[in-house]
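All values below were derived from every heavy atom in this structure, side-chain atoms included, with hydrogens, water molecules and symmetry-related copies excluded. Residue numbers begin at 1 in each chain, while the letters A, B, ... track the order of the sequences. What you see is a predicted model; the values in this text were computed from it and never measured.
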Number of protein chains: 2
Amino acid sequence: MLTDRQLFILQAIIDNYIQSAEPIGSRSISKSDGMSYSPATIRNEMADLEELGFLEKPHSSSGRIPSEKGYRHYVDHLLLPHRLSKKEIQNVRSLFAEKILEAEQVVKQSATILSDLTSYASIVLGPEVFESKLKHVQIIPLNAQAAVAILVTDTGHVENHTVTLPESLNSTDLEKIANILNDRLEGVPLYKLQEKIYKEVAGLLKQHVNSFHDAFRFTEETLQKSKQEKVFYGGKTNLLSQPEFKDIEKVKMIFEILEQDHTVHELLKPEQDGLVIRIGQENNYEAFEDCSIISATYSFDGKPVGTIGIVGPTRMEYPRVIGLIQHLSKGLSDALTNLYTSGN
Amino acid sequence: MLTDRQLFILQAIIDNYIQSAEPIGSRSISKSDGMSYSPATIRNEMADLEELGFLEKPHSSSGRIPSEKGYRHYVDHLLLPHRLSKKEIQNVRSLFAEKILEAEQVVKQSATILSDLTSYASIVLGPEVFESKLKHVQIIPLNAQAAVAILVTDTGHVENHTVTLPESLNSTDLEKIANILNDRLEGVPLYKLQEKIYKEVAGLLKQHVNSFHDAFRFTEETLQKSKQEKVFYGGKTNLLSQPEFKDIEKVKMIFEILEQDHTVHELLKPEQDGLVIRIGQENNYEAFEDCSIISATYSFDGKPVGTIGIVGPTRMEYPRVIGLIQHLSKGLSDALTNLYTSGN
DNA sequence: ATTTAGCACTCGTTTATCAAGAGTGCTAAC
DNA sequence: GTTAGCACTCTTGATAAACGAGTGCTAAAT
């Protein structure tokens, strides 16, 4: 177990290092607020902390930098939740104050604000429309071979997909299909839609539509599309300002991964709700061994529907970023929920 | 006027420099194919070409690199249109072979292919939906205060916008509005929509709907959104592989500009149809003084609706990129046009 | 009149050396 | 348990020397 003094020193070193990005020496720690020991004493403690794995030395006679274990301990036990500055609060507030009606807009802007307020890159996943309920189906024929199928959910989300029309379907068939679907499926959550179609609507369709099988493929294709979660980015360029990414090769590897939606998913997808902090190697990607990712889920109507996260160097301003993310994910959840529930 | 030999040398230098990214010396030119003069002769010619402004020296005793004027002359007079390799042709063909039905998909994939085949960053604007014609309007109430308005065009493009409902509009009003709009506006190109509403539909609405003024704001908001052109990117990370962008500061400036849709517009927007090549300072952005941008418009039904372009270092593989872009913009135009015209 | 060989010169790049400075670890004194 | 002192380590920056690629110019060759 670490002594209080060790904890204090560890904290001071990490706080300092987060600011300066340079190895911290015993002298500067001995001069920091509330520390009343000489550099020599600090040095002894630092040697112990290094032996315990909380600190590292870039080379034998340099100052110390935090190890991943050090950051982990800092994050888990030392970090005091940071109060947002007035400016930050104002910024976030103004985002949610405007009555923006489209979920996608709110989510996009959250990404932008998050990256503007930090010097890191922000990523937002979602919101998933899986839980939301079908409000309306519309099928609009464009010409003899193609039609646009449109789904609208109770959250105002619109999904559309252009499909080829089987020869066998004529425009009265389309109308019939749309009518049947609307009749039977309004209020059904999207994730149950496919099942419901098979179990309850198939028979009906069969009666009224000549080639009901073709009609299925058609609805399936449209549903498929709504499953993909969207990804929004903000301020990727910010990372280039961080001294740890002055090496182009490193940045390249990071950006390559961030360019692919599916790996971004893996990076951010939380295995639990609430705040998740992944430091360095905890990210399981070599390119991200010098990065930390902080993410939090946001909810609609109590159920998590997406993730808001930030990517920065392991030397991240954890207290501030954590405060911001918590605040934003809360705000985002409230905004989404307020927009579309309880008849409001 | 330049002699044939000077032109030949200029071309050889540029071809070489595009490959190697290093200043070219007289010796290496004298050994290139079809050149039968000694280094000393070449040196004399090179000195002349420098005096004429086609070449530059990074420092007094180094080899030559092309100046912007040099590139310009190369592009305008020397460059022989490059045949695409079989692999490239195949790649592009396979893109347009699949019957993708959504314009946005095709456009996105074009960006991806373009950046995959080059080592540069691709950008695609559009397609504009301005010329396309209204097929259907739908208004779907979500709750007492909000509704989703949906526009579908004859090209299968769907635009949706969530709007607040004025207290004064009830759901029968909404139906009426939608019916009136559909009746009167089907087939009208989007860019004429607003005008048409005011001139021809206003009166009708006034008769049937209590607060017709509110109804307008509503349609306007939705139209507004469809005006923004979309921007797709591909392979921005590629730029990091180019030796001229090993300097983080440069890359940062470039990426910052590429992150803003409106500056990207300015960079790519062609003042004429067809192929446009902007070399270095011709881009009018300081950050892009070492970049060239090659872009071409693509069309729907004969009218230009978007731009496909590529951003790379001034030392760009002009012949290949030009070949590719021409091929792609042609393919893109054909694909779009075939998808939605002549009842096909 | 061209072309080219020869050569001195320039300038960037690399390598080695050195001094300065920051920081450590250890010992011995407090 | 704490700290002053000091030798030692390692990075950083500056300076200089050696190297090499490439030039410009002159004078000879074609």
Side-chain angles (χ1 to χ4, degrees), chain A residues 1-10 12-17 19-32 34-67 70 243-244 246-247 315, chain B residues 1-10 12-17 19-32 34-67 70 243-244 246-247 315:
Chain A
M1 205 42 220
L2 296 180
T3 66
D4 281 357
R5 194 170 69 187
Q6 284 176 322
L7 289 175
F8 189 88
I9 291 174
L10 180 59
I13 289 175
I14 297 184
D15 284 338
N16 261 287
Y17 184 67
Q19 286 307 313
S20 70
E22 308 225 308
I24 309 299
S26 53
R27 222 178 99 87
S28 67
I29 290 303
S30 87
K31 278 193 285 194
S32 59
M35 174 54 64
S36 52
Y37 295 96
S38 73
T41 309
I42 312 282
R43 274 205 290 283
N44 286 326
E45 296 285 33
M46 279 162 87
D48 289 347
L49 283 169
E50 184 178 358
E51 214 161 290
L52 291 167
F54 294 99
L55 296 178
E56 288 173 352
K57 278 189 293 192
H59 59 90
S60 78
S61 72
S62 77
R64 300 304 204 292
I65 62 174
S67 67
E244 26 271 282
K246 65 182 193 310
D247 175 15
R315 181 189 64 79
Chain B
M1 203 43 221
L2 297 180
T3 65
D4 282 356
R5 194 169 68 182
Q6 283 174 322
L7 289 176
F8 189 88
I9 291 174
L10 179 60
I13 289 175
I14 296 185
D15 284 338
N16 261 286
Y17 183 67
Q19 284 309 311
S20 69
E22 307 222 311
I24 308 299
S26 54
R27 220 179 100 87
S28 67
I29 291 302
S30 86
K31 278 193 285 193
S32 60
M35 174 54 64
S36 52
Y37 294 95
S38 74
T41 308
I42 311 284
R43 276 206 290 283
N44 286 328
E45 296 284 32
M46 279 160 88
D48 289 347
L49 284 168
E50 183 177 359
E51 215 160 290
L52 292 167
F54 294 99
L55 295 177
E56 288 173 354
K57 277 191 292 190
H59 59 89
S60 77
S61 70
S62 76
R64 302 302 204 293
I65 61 175
S67 67
E244 27 272 283
K246 68 182 190 310
D247 176 15
R315 180 189 62 80

Passes side chain to side chain contact (heavy atoms under 4.5 Å, CB included), A:I9 versus A:M35? Steps please. CA-CA 8 Å; A:I9 291 174; A:M35 174 54 64; 3.7 Å; yes
Please identify each residue that fulfils side chain to side chain donor-acceptor pair (under 3.5 Å) with B:E50, with sequence neighbours left out. B:R64
To the nearest Å, how far apart are A:I42 CD1 and D:dG1 P? 16 Å
N/O donor-acceptor pair under 3.5 Å between B:S26 side chain and B:I42 backbone: no
Just to verify, what does B:S38 make a side chain to side chain donor-acceptor pair (under 3.5 Å) with, not counting sequence neighbours? B:T41
Compare every heavy atom of B:Y17 with every heavy atom of B:P66, then report the nearest pair and how far apart it is. CD-CD2, 3.4 Å
Taking side chain to side chain donor-acceptor pair (under 3.5 Å) as the test, write out the residues that go with A:E244, two or more places apart. A:R315
Between C:dT3 atom C1' and B:Y37 atom OH, what is the distance in whole Å? 9 Å
Helix axis bend for the helix from C:dA1-D:dT30 to C:dC30-D:dG1 - C1'-based end axes, five pairs, 10° rounding: 20°
Each nucleotide in nucleotides 11-30 of chain C should get exactly one letter: B, S or -. Can you fill that in based on protein heavy atoms under 4.0 Å? BS----------BBBB----
All N/O pairs under 3.5 Å across the protein-nucleotides 13-15 of chain D interface:
none

A:F54 side chain near A:I13 side chain, heavy-atom distance below 4.5 Å: no
Would you find a donor on one side and an acceptor on the other, under 3.5 Å apart, between the side chain of B:Q6 and the backbone of B:T3? yes
Tell me whether the side-chain N/O atoms of A:S38 come closer than 4.0 Å to OP1 or OP2 in D:dT2. no
In this structure, how many angstroms lie between the C1' atom of C:dT4 and the CZ atom of B:R5, rounded? 12 Å
What distance do A:D48 atom CG and A:L2 atom CG have between them, rounded to the nearest 0.5 Å? 10.0 Å
Would B:S62 and B:H59 satisfy side chain to side chain contact (heavy atoms under 4.5 Å, CB included), going step by step from the backbone distance to the final call? CA-CA 6 Å; B:S62 76; B:H59 59 89; 3.1 Å; yes
Rounded to whole Å, how long is the line connecting atom CD of A:E45 with atom C1' of D:dT3? 13 Å
Side chain to side chain contact (heavy atoms under 4.5 Å, CB included) evaluation trace for B:I24 with B:I65: CA-CA 6 Å; B:I24 308 299; B:I65 61 175; over 6 Å; no
